[in-house]
Number of protein chains: 2
Amino acid sequence: MPSPQPSPASPSRPRLSRETVLAAAASLVKQHGPQALTMRKLAAELGTAVTSIYWHVGNRESLLEALVERTVRELGDIRPRGRTPHARVVSIARALRRELRAHPHLIAMVHERGLTERMFLSAQQALVHEVHAAGLRGARAAEAVRAVQFSVIGHVLVERNRERAPVQRPGEPELWGPEAAEEDPGLARALARAPDPERVFTVSVRALVDGLLGLPDSPAP
Amino acid sequence: MPSPQPSPASPSRPRLSRETVLAAAASLVKQHGPQALTMRKLAAELGTAVTSIYWHVGNRESLLEALVERTVRELGDIRPRGRTPHARVVSIARALRRELRAHPHLIAMVHERGLTERMFLSAQQALVHEVHAAGLRGARAAEAVRAVQFSVIGHVLVERNRERAPVQRPGEPELWGPEAAEEDPGLARALARAPDPERVFTVSVRALVDGLLGLPDSPAP
DNA sequence: ACCTGAACACCGTTCAAGT
DNA sequence: ACCTGAACACCGTTCAAGT
């Protein structure tokens with residue numbers, strides 16, 4: 001036994017492992033998005049031959065799948081805040097949005113790979129609890145939970161798309177010039193500005209929860 | 001002048017034009033999505049050399065852009081139905097959803113290319129009208145319009161993603177087994193079933209509009 | 001058990017050359 | 001004005017061969 005660990009081509013590099021590959025891949029995705037993760041760039045990053053990666057992770061698709069699975073597991077629990085069910089549901093929605101936005105590239109990847117339900121399990125259970133507290137039961141409760149869930153995912157997807165394509169042509173300013181809504185200049189001004197996604201989200205969720213649970217100052221039906 | 005139109009390599013094929021290229025590209029996208037539109041497949045479809053396409057449309061990206069622009073122009077006007085502003089806003093939202101779903105591959109493409117505002121102009125003006133009729137003005141009216149707009153786009157995006165990845169793992173049935181919510185078996189049953197997107201959409205939009213305009217049977221604030 | 005290079009079948013795009 | 005093939009720089013993946 002001349003050497004316990006026969007040195008590979010580049011002796012300084014530590015042995016390749018599934019973990020190393022996943023870590024490097026995660027860093028590439030985090031920095032430049034999934035489309036920037038090519039097997040060849042990844043190999044270059046790791047200082048190995050492209051084909052070595054295949055030994056450890058199978059192929060590109062299962063590499064991405066493993067990445068997604070890992071991120072979903074890392075997603076934190078949701079802690080509702082507030083006194084009324086209304087306030088607590090809104091707080092869950094906001095927390096959900098924050099978590100999703102913290103992993104911008106991964107939302108779409110999770111969705112495409114069918115892991116959305118697992119990703120939302122913790123939030124879903126929290127929502128069930130609050131919706132119950134608000135007096136909803138059975139199918140109606142389920143509908144309320146799913147309405148909130150869909151809305152949050154939808155908003156985050158819209159926001160992501162907007163961020164990727166910030167330049168809007170023709171552009172709302174031109175569409176909502178002073179003559180367009182002369183009877184309500186305040187509205188025209190508001191629509192001419194770029195929307196504040198945070199604000200749109202909050203307004204929407206509040207209104208949605210109002211509609212689902214009954215208005216905050218009115219008793220549940 | 002031996003021949004008024006010197007025949008190309010394949011004499012049966014009519015002369016290539018920007019229109020022909022766009023039509024063939026549109027058909028490819030409609031059938032198999034944007035990722036199936038490769039310049040080489042398109043050339044094969046048209047019976048030309050790949051490079052001929054570049055002469056007519058520049059490159060792949062501007063080809064897709066032209067496609068999107070054309071679809072946006074084709075999008076029909078929205079005709080609100082119903083007696084109350086509430087009903088009419090809901091009808092606009094449903095019409096919007098139907099139009100978007102009629103061009104499944106193009107929603108994302110429109111969004112990525114920043115044409116969403118133009119695409120929504122007609123609907124936005126209809127929404128402004130209804131929201132005015134409901135008594136909202138200025139910034140509040142603008143918020144309501146945008147809340148509806150974001151929600152519809154969001155829902156359609158979520159639905160599209162779900163359709164592309166119909167298999168959910170672990171799967172809600174396993175997550176919502178009988179013991180999970182024993183105190184409300186109706187809820188557990190409802191959540192164990194796959195959601196009906198149409199139903200979730202309707203419930204969400206109704207609740208959202210309730211919250212934005214005031215409940216349908218209560219006066220506007 | 002792990003790593004390698006060569007090879008295959010794909011991409012989008014450029015360019016000089018044809019008519 | 002329009003069309004062409006050759007060439008370039010990229011992909012993901014397979015495979016036989018090395019240690």
Side-chain angles (χ1 to χ4, degrees), chain A residues 1-26 28-29 31-68 105 109 112-113, chain B residues 1-26 28-29 31-68 105 109 112-113:
Chain A
M1 200 195 283
S3 158
Q5 196 171 295
S7 61
S10 153
S12 67
R13 166 165 57 81
R15 247 164 73 357
L16 202 60
S17 75
R18 187 179 160 85
E19 286 313 302
T20 328
V21 173
L22 284 179
L28 272 180
V29 168
Q31 286 175 62
H32 308 105
Q35 87 289 352
L37 174 63
T38 76
M39 303 302 268
R40 290 171 138 95
K41 270 186 205 145
L42 185 52
E45 197 81 12
L46 289 163
T48 46
V50 207
T51 42
S52 307
I53 297 169
Y54 282 83
W55 199 92
H56 288 282
V57 298
N59 57 20
R60 186 171 183 271
E61 180 50 30
S62 46
L63 168 57
L64 285 173
E65 212 160 310
L67 238 47
V68 162
H105 296 304
M109 293 170 61
E112 281 162 14
R113 281 159 190 85
Chain B
M1 199 198 284
S3 158
Q5 196 172 296
S7 60
S10 152
S12 68
R13 166 165 56 81
R15 241 153 87 354
L16 203 59
S17 76
R18 188 181 159 83
E19 286 313 302
T20 327
V21 173
L22 285 179
L28 272 180
V29 168
Q31 286 174 62
H32 309 103
Q35 87 288 352
L37 174 63
T38 76
M39 303 303 268
R40 289 170 139 98
K41 271 186 205 145
L42 185 53
E45 197 81 10
L46 289 162
T48 45
V50 207
T51 41
S52 308
I53 296 168
Y54 282 84
W55 198 92
H56 288 283
V57 297
N59 57 20
R60 186 171 183 273
E61 179 50 30
S62 47
L63 169 57
L64 285 172
E65 211 159 312
L67 238 46
V68 162
H105 296 304
M109 293 169 62
E112 281 162 16
R113 281 158 190 84

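If A/Arg40 and A/Trp55 are placed on DNA chain C by their nearest nucleotide, the residue sitting closer to the 5' end is A/Trp55.
Per the geometry, CG belonging to B/Leu64 stands 10 Å off P belonging to C/dT13, to the nearest Å. Taking atom CD1 of residue A/Ile53 and atom P of nucleotide D/dT13, one finds them 11 Å apart after rounding to whole Å.
Of the candidates D/dC11, D/dT4, D/dC2, D/dC2 carries the atom nearest the B/His56 side chain, counting heavy atoms from C-beta on. The side chain of A/Arg60 lies closest to D/dT13 when the candidates are D/dG5, D/dT13, C/dT13.
At the heavy-atom level, A/Leu37 lies under 4.0 Å from the strands shown only through sugar-phosphate atoms. Here A/Thr38 lies in heavy-atom contact (under 4.0 Å) with sugar-phosphate atoms only. Using a 4.0 Å heavy-atom cutoff across all strands shown, A/Leu63 reaches no nucleic acid atom at all.
Screening residues 17-26 of chain B for salt bridge (charged side-chain N to carboxylate O under 4.0 Å, His left out) gives B/Glu19-B/Arg70 as the qualifying pairs, with residues at least two apart or on separate chains. Within the structure, side chain to side chain donor-acceptor pair (under 3.5 Å) contacts touching residues 50-60 of chain A (residues at least two apart or in different chains) are A/Asn59-A/Ser62. For residues 32-42 of chain A, no residue pair satisfies the side chain to side chain donor-acceptor pair (under 3.5 Å) rule, not counting sequence neighbours.
The shortest heavy-atom contact between B/Leu16 and B/Thr20 is C-OG1, 4.3 Å. The heavy-atom pair separating B/Leu46 from B/Ala24 by the smallest distance is CD2-CB, 3.7 Å.
Put simply, B/Ser52 has a side-chain N or O that comes within less than 4.0 Å of OP1 or OP2 on D/dT4.
Under the rule for a side chain to side chain contact (heavy atoms under 4.5 Å, CB included), the partners of A/Ala26 that lie at least two apart in sequence or sit in another chain are A/Leu67.
Between B/Leu63 and B/Leu37, some side-chain heavy-atom pair lies under the 4.5 Å cut-off. Between A/His105 and A/Gln31 the shortest side-chain heavy-atom distance does not fall below 4.5 Å.
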Report all interatomic pairs (protein N or O, nucleotide N or O of nucleotides 14-18 of chain D) with separations under 3.5 Å.
none

Bracket notation of DNA chain D in which parentheses pair within the strand, [ ] cross earlier pairs, and | pairs with another strand (Watson-Crick or G-U, under 3.5 Å): ||.|||||...|||||.||
